[in-house]
Amino acid sequence: MKYLFMLLLGIATGVLMVVGFLLYSPMSPEGISPLSVSERPQFSLSYSAVVDDAIAYTNNGESPIATNPDKIAMLWEAPLQKTVVLVTALRDGRGSMAGIGIKFSSRSEETRLLQGEALVNSVWHVVLPDQGTLLVAQAENHWNYLREVVIPAYWSSADNWKGSWHGTLSSGPGALGTGDVHGGSGRFRDYDAEAIETLTARAYSTETGPVAVDGQLIIEQPVPASELSADVTLKLRTSSD
Amino acid sequence: MIKTFIGGIVLGIAGAVAALHFLPAVNIARENSLISVMPNGGNAESFHVNIPADRILLGASGQKNAYPQGMQWPEDALLDGTRSEVFKLRNSQDAVIGVASRVTVQNAKLGNVIEWVLHFPARGSMYVTLAPNVVDNRRTGNMRAGTREFGDLVGTLSERWVAAEKSSDELHAGRIELLASYEATAKASATGEINGGGSE
C-alpha cells in the first residue's frame, strides 16, 4: 500500500512538474514585432477587446464570457462550438472612427501546448468606408496571453488579474509570424501585404473575461514601390506611433 | 520506497508529455463536404443562409430594425452607406457548417462594394468580392483570397436571393443561396497539394 501511495504521489509530482514547465519555461519568447523589419510604412487600427465595448460578440454560450447583446444568436451548432464572432468599431491612430471590423476566430486543431502553441485561426473582415476593404487572415498564438493573464486570473483569490501585459497574437502564416492581408476595394484593391495583431491587457476577470484589454491591427500601407525609402518608412512609422 | 517515488515521477512526466503530444487539444466537429465535380473541370459547392433564422447581426446607419435587439450600431457619418451582416452558413443538406459576413458599401469614394467572407472552422476561409450588377437574378464575383483548404484555390462565387413560397412558414422569408465554383491554382496542381474533398 505504501508503495502504491508513493507511486501515485510520484506520478502526481511528475504531472505537476510538466505543468510547471509549461507555465514557467520561457517557451514562445516575445521578440520584437515581425513587422519592424518591413520596409513598407504601416498604419494601425485599434479596438477594445472588452465584450461590453463591442458592437456584438457571440460564442457557444458555454463560455464564462457573456455574449453582447444578450439576445444575439449563439454558435451552439457542433461545427461552430469553438468559434467566436466579434464585431467592433475600429479606430485610427488618432482615436477617430475608421470603420468596422468583423472577426471570426476558431480554435485550431494545430494547437500543441507542449510547444507553447495555443493556436487560433482568425480572419478579420475590415471595412474602412473612406479607404477600402480588406481581409486579414492569420494564425494566432494565445499561449502567452493565457499563461500570463488568464491563468493567473483563475489562480487569484479575487478571480481577476491586474497588471500590464503587451504581446503579439499573430504567429503566421507569414514566415516571420505575420498575418496575410488581402485588399478588396478602394486603395486596397488587389493589394497583398502583411499585418500583425497585438493585445495590451491591464485587467481580466474570470467572470466577465477581458476588463481592460485593447487590441491593435498593424497593417502595411499600400504605397507604390517607388515611394519606399528608409526616410518615408521612418517618418510614417513615427507618425503612426 | 524512494525508488518507487522516483519511478512515479518519471511515469508522470512521460504520461503527461505523451498525453499532450498525442491527444488533440482541440477537436472540431465536421460535416461531410458536399462538393460536386463540374463537367468542365473544377469543383462546385453550394451554401445557403435561411433568413431570418440564420442572421446573427444586421447593422447599418439609420437602420430602424437593427438586429439583434439591443445592439448599439455606431451612428457615425463615416458609416453612412455601409451595411454589415453576419450569418450562420449552411451546406446543401441544411446543416450549419460555418459563419459568414456580408458587407456592402455605397459611397462616393468606394463606389458600390459587395463582399463576403465565409469562415468554416475546420476548413478555412474565403474572401469574395462581388460585382454589383445582377445578371440572371445572380451577383457573381471572384474569390479574392482563401486560407488553409481554400488557400490554393481560385474561382467564383455567386449569390442569389430565393424568396420562400407563400405556403411555407411565415417566419421563413427566404434564403440567400451561394454557389461557389473553384479549381486549384496551377501551382497547387503541380505540387498535388489540393484535395478536392475533405470534410467541413
Side-chain angles (χ1 to χ4, degrees), chain A residues 2-3 6-19 22 55-56 58 69-73 75 77-83 85 87 89 97-100 102 104 106-109 111-114 118 121 123 125 127 129-133 135 137 173 180 182-186 192, chain B residues 1 4-17 20-21 24-31 55-57 59 68-74 76 78-79 81-82 84 86 88 96-99 101 103 105 107 109-110 113 115 117 119-122 124-125 127 129 144-145 147-148 200:
Chain A
K2 279 182 186 175
Y3 284 96
M6 290 306 285
L7 182 69
L8 293 176
L9 190 66
I11 290 173
T13 306
V15 171
L16 286 175
M17 286 169 73
V18 172
V19 173
L22 287 175
I55 296 170
T58 188
D70 297 341
K71 293 185 177 175
I72 194 168
L75 309 177
E77 294 87 352
L80 301 183
Q81 286 205 341
K82 295 178 175 65
T83 298
V85 176
V87 182
M97 168 74 81
I100 297 292
I102 301 168
F104 300 131
S106 298
R107 287 164 61 190
S108 170
E109 291 177 325
T111 288
R112 297 286 179 270
L113 295 180
L114 205 53
N121 293 312
V123 285
H125 194 177
V127 186
D130 64 346
Q131 298 183 64
T133 52
L135 178 89
D180 288 340
H182 305 283
S185 65
D192 290 318
Chain B
M1 190 110 79
T4 308
F5 178 68
I6 292 171
I9 291 176
V10 173
L11 210 59
I13 291 173
V17 169
L20 285 169
H21 184 75
V26 178
N27 194 4
I28 297 176
R30 288 166 157 79
E31 295 281 339
R55 179 177 277 138
I56 296 173
L57 175 141
Q69 189 180 1
M71 182 189 72
Q72 301 294 318
W73 187 255
D76 191 298
L78 179 77
L79 298 179
T82 300
S84 300
V86 179
K88 291 179 183 177
V96 172
I97 55 167
V99 284
S101 61
V103 165
V105 183
N107 65 26
K109 286 191 175 173
L110 301 187
V113 174
E115 292 183 346
V117 170
H119 176 70
F120 308 96
S125 305
Y127 179 37
T129 55
R144 170 68 183 89
T147 69
R148 295 189 286 153
E200 289 153 356

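Quick caveat, the model's predicted, so the values are computed rather than measured. Protein chains get the first letters and strands the later ones, always in sequence-line order, with residue 1 at the start of each.
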Between B:L57 and chain A, with a heavy-atom cut-off of 4.5 Å, which part of the residue counts as in contact: side chain, backbone, both or neither?
side chain

So which residue, A:P173, A:G14, A:A12, ends up with the most heavy-atom pairs under 4.5 Å with chain B?
A:G14

Which portion of B:V86 sits near chain A, non-hydrogen atoms under 4.5 angstrom
side chain

Option in B:V105, B:I56, B:V99 with maximal non-hydrogen atom pairs under 4.5 Å from chain A:
B:V99

B:T82 portion near chain A, given a 4.5 angstrom heavy-atom threshold
side chain

At a heavy-atom distance under 4.5 Å, which candidate from A:P129, A:A56, A:A73, A:S106 has the highest pair count against chain B?
A:P129

Part of B:P121 within contact of chain A (heavy atom distance under 4.5 Å):
both

Do you know which of B:R148, B:H119, B:M71 has the most heavy-atom pairs under 4.5 Å to chain A?
B:H119

What residue in B:A25, B:G70, B:A14, B:S101 has the most heavy-atom pairs under 4.5 Å with chain A?
B:S101

Most heavy-atom pairs under 4.5 angstrom with chain A, which of B:L20, B:D76, B:L110?
B:L110

Looking only at the side chains, is there a donor atom on one of B:T129 and B:E115 sitting less than 3.5 Å from an acceptor on the other?
no

Just give me the residue among B:T147, B:N107, B:L78 that pairs up with chain A most often, heavy atom to heavy atom, under 4.5 Å.
B:L78

Donor-acceptor pair, distance only, cut-off 3.5 Å: does the side chain of A:K82 make one with the backbone of B:N27?
yes

Counting heavy-atom pairs under 4.5 Å with chain B, which one of A:V15, A:L7, A:I55 comes out on top?
A:I55

Where is the tightest heavy-atom contact between A:T83 and A:L75, given as atom of each residue plus distance?
O-CD1, 3.3 Å

Please rank A:V85, A:D180, A:I72 by heavy-atom pairs under 4.5 Å with chain B and give me the top one.
A:I72

Most chain B-contacting option - heavy-atom pairs closer than 4.5 Å, from A:E109, A:Q131, A:M17
A:E109

Could you have a look at A:V87, A:V18, A:L8 and say which one has the most heavy-atom pairs with chain B under 4.5 angstrom?
A:V18

Heavy-atom contact with chain A under 4.5 Å, split by part of B:V96
both

